Structures are given as structure tokens and as C-alpha cells.
**Q** 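What follows is a structure written as C-alpha cells; I'll ask about it next.
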2 protein chains.
Amino acid sequence: MSGYFGAGTRAPESELEIIMSDMPSCQFESRPRRIVIGSGGVQADFCTNCSVRPTSVCSVIEPSDISRLAEVAVETIISPGRGFIEEGAPATDFFNVTSGTVKLFKALPDGRRQITGFAAPGHFLGLAVSDSYAFGAEAIDTVRVCRFSREKMSELLDDFPKLERRLLEEASNELVAAQNQMLLLGRKTARERVASFLLDQMQAGLLPGQPPPSGGRLHLPMTRGDIADYLGLTIETVSRTLSWMRSQGMIEVGKGYAITIVSTAKLEVLAAGNS
Amino acid sequence: MSGYFGAGTRAPESELEIIMSDMPSCQFESRPRRIVIGSGGVQADFCTNCSVRPTSVCSVIEPSDISRLAEVAVETIISPGRGFIEEGAPATDFFNVTSGTVKLFKALPDGRRQITGFAAPGHFLGLAVSDSYAFGAEAIDTVRVCRFSREKMSELLDDFPKLERRLLEEASNELVAAQNQMLLLGRKTARERVASFLLDQMQAGLLPGQPPPSGGRLHLPMTRGDIADYLGLTIETVSRTLSWMRSQGMIEVGKGYAITIVSTAKLEVLAAGNS
DNA sequence: TCACCGCATTGATTTACATCAACCCATCCG
DNA sequence: CGGATGGGTTGATGTAAATCAATGCGGTGA
């Protein structure tokens with residue numbers, strides 16, 4: 001029991017780093033290649049102007065203390081498909097997503113994969129952690145994160161008790177979501193799962209800094225394969241279920257990643273478990 | 001965003017209360033009947049002598065401050081089969097299990113149920129909470145819990161910052177467990193699920209104050225139905241899988257609730273996903 | 001330009017698990 | 001004592017979703 005925000009090992013990093021998707025395929029590196037631009041933490045006004053601060057854990061830091069936050073945050077850009085947390089690797093850093101979408105997952109030795117969640121802007125990564133990461137993380141589209149070393153995070157927690165309570169709140173929310181997902185995975189049918197997913201995505205789109213999805217128009221950044229791995233289904237079943245929902249007048253499936261929710265009511269009936 | 005340990009509504013309660021299983025069937029009451037014995041919080045030395053304190057969140061309270069803890073804790077005895085947290089009800093109290101086993105679950109309107117976890121002695125209940133409980137809880141065998149009102153808990157957190165960090169650690173552990181369970185429910189076969197479950201139960205038995213299960217001898221307090229609801233299977237599949245494991249020389253199935261693990265290695269191969 | 005690749009859709013077939021059903025064996029209780 | 005009840009096992013059958021397979025489509029790069 002070494003403490004959840006104990007000593008870290010990584011040295012202080014520089015202002016802006018970019019993790020490139022430069023490998024032929026999506027090979028994983030536990031310590032991704034970085035391109036450093038500038039040095040010495042983000043600019044003092046960076047956090048002040050941050051678009052996700054109002055909805056993120058950082059919101060509990062008073063404006064007068066913002067410089068403390070900016071000192072320890074390292075902004076990082078991660079290109080699509082690039083992994084930046086490896087399941088089982090030593091947990092040296094925590095992250096806060098500022099733009100883009102991240103998929104979080106666990107895998108079995110033979111390659112079966114379960115996506116445990118999608119992290120949108122404002123989401124804090126690193127709660128499900130002991131000494132090593134309990135999950136992997138990969139950028140779906142271009143992602144920006146603020147990175148905090150474990151030791152800097154620990155200092156912040158010592159100095160700002162409110163931050164700790166806010167993280168507890170965040171953990172609480174994640175636990176509620178996790179339990180909902182267990183119910184979905186253990187007891188819901190394929191149709192119920194997809195309906196629940198679409199409603200959740202709609203709900204999620206209403207809250208953060210993202211452009212609000214008007215008229216039920218969703219832009220899902222993830223592939224069918226990701227949705228399948230999230231819902232415990234196969235690609236084919238997700239595809240068939242979406243087609244069936246279209247045939248029932250519940251949704252419209254646009255080209256690419258667009259899905260329009262036509263009848264929230266019908267989906268809610270489905271998601272609640274009536275068929 | 002009302003804060004996770006905000007104002008509660010319940011009045012201070014008395015020393016020892018007993019929640020009886022006095023209904024013909026297992027009817028649920030959101031406010032269970034109590035039999036009060038004595039009054040005014042538990043005795044001062046109660047927490048000092050508590051068998052689960054070393055492994056519970058209470059361990060972070062210094063011996064000199066133990067009286068503060070004892071003042072706000074209300075010991076409660078819950079008889080087998082009795083529910084004491086109702087999913088969706090206002091979250092007025094938090095609990096710490098001191099003996100027995102609790103099942104935590106979520107349900108769909110049509111009765112399908114997913115057990116999200118079993119809480120053994122030392123386990124803290126109430127992290128997956130917003131203003132209302134996100135889960136239900138029911139005693140499997142005779143259960144003792146320490147109950148804390150939300151507002152008393154909030155005061156404790158203000159006075160003992162270590163407690164907050166310890167709760168965060170607890171939440172972190174639960175998140176890790178939840179993600180493992182998502183992988184199990186979404187991607188593992190029935191055999192893999194049962195194998196994982198047995199190994200987890202063995203692991204859990206090694207840690208807390210419970211009698212250590214020597215020689216792989218497990219005493220599972222829950223029914224096949226509970227195991228099925230935990231693993232996202234049916235009773236019949238659980239039973240058949242256990243029979244199959246017996247036929248393979250992996251386990252021995254005793255009468256009642258006893259199961260002996262004969263070959264940890266074989267189970268581990270199974271649980272990891274090799275068949 | 002065309003070949004290739006990742007992603008998606010749809011159809012045919014298989015299968016792991018659920019469902020339906022019968023039965024055993026305790027315990028409880030009138 | 002005897003019927004009811006709850007938990008457990010095992011067998012026969014059904015089915016939702018997985019698997020196998022073919023096709024289309026839009027980007028990308030030689």
C-alpha cells in the first residue's frame with residue numbers, strides 16, 4: 001500500500017510535446033517519442049484560458065493559484081491512433097483531456113479487448129491506478145492532454161485539499177458509470193446495449209465544451225470496432241443493430257461517423273429493457 | 001454538482017441497531033425497521049478494538065482521535081437476505097462492513113439483475129453515490145456494519161484530510177476491480193468467468209481478518225444465483241461449469257457452500273483466456 | 001491509374017449459452 | 001409425519017449473437 005499519489009520517477013518536462021503517429025502501424029511505445037517545443041511548463045495564462053477548466057478537476061484551483069497549476073502541467077498533443085498509456089506499465093503520470101477523445105481499454109493475452117470508457121475533454125485519467133496503470137489509453141482523433149507527473153500531482157494534492165475532494169467526486173462518477181456498464185455488459189441484449197450507448201453519447205454531448213449536438217445529430221469519433229469493444233459485441237452485431245434501428249425509424253445513419261437520433265423515446269424504451 | 005459529502009438529513013442515531021428479517025418474504029424497506037439497544041454512538045473503545053480497522057478506511061484515524069470516530073459510528077446488525085440500501089433512494093448514509101458479506105447490485109425494470117460486487121469485512125460502501133445510491137445492497141449472511149450519516153462523514157473529512165486520501169485510494173481500488181469486471185463481462189467465456197471468480201475469491205480470502213482459507217478451501221457465502229448474477233450468466237451455466245471443472249480435476253465441490261480449489265494453475269490458465 | 005487497405009454492411013451458418021423441464025435433497029412447519 | 005419451499009444438478013431444446021464469408025466504398029500511395 002504505497003499511497004496513491006506517492007513518489008514518481010519522471011523528470012520535469014517541457015512546455016509542449018507532440019506524440020506523433022510515425023510508426024508504420026499502430027505500434028505501442030511505453031515511452032512515446034516526443035517533440036519538444038519550448039520548455040519549462042505551460043504559460044502562466046494557459047490554464048486561465050483553458051476551455052475545459054470549468055468542467056475539469058482544475059476548476060477547484062482558485063484563479064490566484066492558477067500559476068501553480070500551470071507550472072506542473074505539460075501540454076501534450078497525441079495523434080490519432082497513438083497509444084499513450086500502456087496497461088501494466090508503471091503509473092508515472094496523470095492526464096487531463098483538453099480536446100479530442102480517448103479510448104480506455106483492457107485486453108486479454110489473445111487479443112480480445114474491452115473498452116472500459118471513452119474520455120472526452122475535461123476527463124481526468126489516472127484514477128484506476130495503483131503503482132501501474134490498470135488500463136491502456138489510445139487517442140481516437142487528435143487529442144490534447146495536460147500531463148501531470150505523479151510527484152507533482154502529489155504536491156498539488158497536499159497544497160490544495162479541495163483538489164482531493166474533487167478527485168473523489170470524479171472517482172465517484174466513474175464508479176457509477178462503471179456499475180451502469182456492468183449492468184449493460186452482464187444483462188442487456190445487443191439492442192439494449194446500442195440504445196443505451198447512443199443515449200449516453202447524446203447525454204455526454206450536452207454537457208462539456210463540445211459543440212452541442214442539435215437536432216439529435218451525433219458525431220461519434222470512434223469506429224464500429226470501438227463501439228463493439230465497448231459494448232461487448234462484435235462489429236457485425238453493432239452494424240446490424242444500427243441498421244435495424246434505422247429500419248425502425250429510431251435513427252438515421254449518415255456517412256462516416258454521423259448518426260442522427262430520430263426518436264429518443266423509442267431508444268429509451270429499448271435501453272430501459274423493454275425488448 | 002452538490003458536493004459528494006454535502007448536507008445529510010438523518011438525525012443522529014443510537015448505539016446498536018438491528019435490522020430484522022421479519023417480513024414473510026424479502027420485501028424491501030427504504031427505511032428498515034430498527035431495534036435500538038442503548039443510545040449515543042458506539043462505545044469509545046469500540047473502534048479501538050475493531051477487527052477490521054487495520055484494513056479499513058478507519059485505519060488512517062490516529063488512536064488519539066478514535067473517540068471522534070466512535071462518536072459518529074452506529075453499529076448495525078443486518079439479518080441474512082435483508083436489503084439495507086435501495087438503488088435510487090436518497091444517499092443519507094455510508095457504511096463500513098465489519099463482518100459478514102454484502103451483495104451490491106443494479107437491476108432493470110423487468111427484474112434482470114447484475115451484482116456489481118461483494119463487500120467483505122473492511123469494505124466501505126457509498127463511493128458510487130451522487131445524491132442517491134447508484135446501487136442496492138443486501139446482506140448475504142448476518143452482516144454487521146458501521147453506519148455514518150452523510151453529514152457526520154463530511155465533518156470527519158474536513159477534520160481528517162488523511163481520510164479523504166484513503167477514500168480516494170479505496171475508490172481507485174474499486175475502479176480497478178470494476179474495469180476487470182467489465183473485461184470479464186464483455187469478453188470472457190463462461191468458463192473463464194467462473195475461473196476468474198474462484199481465483200478472486202481465493203485472493204480476497206487471503207487478505208482481510210477472515211479465517212485464511214488453507215488448502216484452497218473456500219467457503220462461498222453466496223448462492224449459485226448470486227454468482228450467476230455477478231458473472232452475467234444463468235444459474236444453470238454456473239452449475240454446469242462447476243461440474244465441468246470438477247470433472248477436469250480443477251476443483252472439488254463440497255456440500256453447501258464449500259468449494260476446494262485443487263489446481264490453481266489450471267484455473268489461472270483458464271482465467272487468463274486460454275480457452 | 002490501379003492496387004491496396006481499413007472500415008462498414010449484409011448474408012449464411014454455427015455455437016455458446018439461455019431457456020424449459022425434470023429431478024434430488026435439505027430444511028421448515030403445520 | 002408429509003407437503004411445501006428453496007437451492008442445486010442435469011438433460012433436452014431453442015436462440016441471440018458469434019463466426020465465416022462476400023461485397024462495396026473511400027482514401028492513399030506506388
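Excluded from the calculations below are hydrogen atoms, water molecules and symmetry mates; all remaining heavy atoms, backbone and side chain alike, are included. Being a predicted model, the structure only gives us computed values, none of them experimental.
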**Q** Checking all strands, does L242(A) fall into the base, sugar-phosphate, or nothing category for heavy-atom contacts under 4.0 angstrom?
**A**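 Since no nucleic acid heavy atom lies under 4.0 Å of L242(A), the category is nothing.
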**Q** Between L184(A), V176(A), L183(A), which is the residue that forms a side-chain contact (heavy atoms from CB on, under 4.5 Å) with K106(B)?
**A**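 Going through the options one by one, the only one that passes is L183(A).
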**Q** Which whole-number value in Å describes the distance from D229(A) CG to dA8(C) C1'?
**A**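 Value for this atom pair: 15 Å.
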**Q** Whole angstrom is fine here: how far is it from CD1 in I259(B) over to C1' in dG7(D)?
**A**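 These atoms are roughly 14 Å apart.
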**Q** We want to know whether T241(A) and R191(A) form a side-chain donor-acceptor pair, criterion being a heavy-atom distance below 3.5 angstrom.
**A**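 The criterion, which ignores hydrogens and geometry beyond distance, is not satisfied for R191(A) and T241(A).
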**Q** Can you classify the ring geometry of F95(A) versus F84(A) as parallel (below 30°), tilted (30 to 60°) or perpendicular (above 60°)?
**A**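 Judged by the thresholds at 30° and 60°, the geometry between F95(A) and F84(A) is perpendicular.
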**Q** Ion pair present between D226(B) and R113(B), side-chain N to carboxylate O less than 4.0 angstrom?
**A**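 The answer is yes: the pair qualifies as a salt bridge.
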**Q** Quick check: on DNA chain C, is the nucleotide nearest E236(A) upstream (toward 5') of the one nearest R187(A), or the reverse? Name the residue that is more 5'.
**A**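 Its nearest nucleotide being more 5', the pick is E236(A).
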**Q** Any base atoms under 4.0 Å from T223(B), or only sugar-phosphate, or nothing? Heavy atoms, all strands.
**A**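 Contact class for T223(B): sugar-phosphate only.
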**Q** So G256(B), base contact, sugar-phosphate only, or nothing? Heavy-atom distance under 4.0 Å.
**A**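 It contacts nothing in the nucleic acid.
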**Q** Between T237(B) and Y257(A), name the one whose nearest nucleotide on DNA chain C is closer to the 5' end.
**A**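 So the residue in question is Y257(A).
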**Q** Let's test your reading of the model: under 3.5 Å, does the base of dT10(C) pair with the side chain of R224(A) as donor and acceptor?
**A**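 No, no donor-acceptor pair under 3.5 Å.
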**Q** Can you check whether any acceptor in the base of dT10(D) is under 3.5 Å from a donor in the side chain of R246(B), or vice versa?
**A**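 There is none.
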**Q** What I want to check is whether an N or O donor and acceptor connect the side chain of R240(A) with the base of dG11(C) at under 3.5 Å.
**A**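 Indeed, a donor on one side and an acceptor on the other fall under 3.5 Å apart.
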**Q** Which residue, L233(A) or K255(A), contacts DNA chain D at a nucleotide closer to its 5' end, judged by nearest heavy atom?
**A**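 Checking each residue's closest nucleotide, the 5'-ward one belongs to L233(A).
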**Q** Using the closest heavy atom to pick a nucleotide of DNA chain D for each, name whichever of A190(A) or S239(B) lands nearer the 5' end.
**A**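 In this pair, the answer is S239(B).
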**Q** Please determine whether a side-chain nitrogen or oxygen atom of S243(A) lies at a distance below 4.0 Å from atom OP1 or OP2 of dT10(C).
**A**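 Yes, S243(A) has a side-chain N/O under 4.0 Å of OP1/OP2 on dT10(C).
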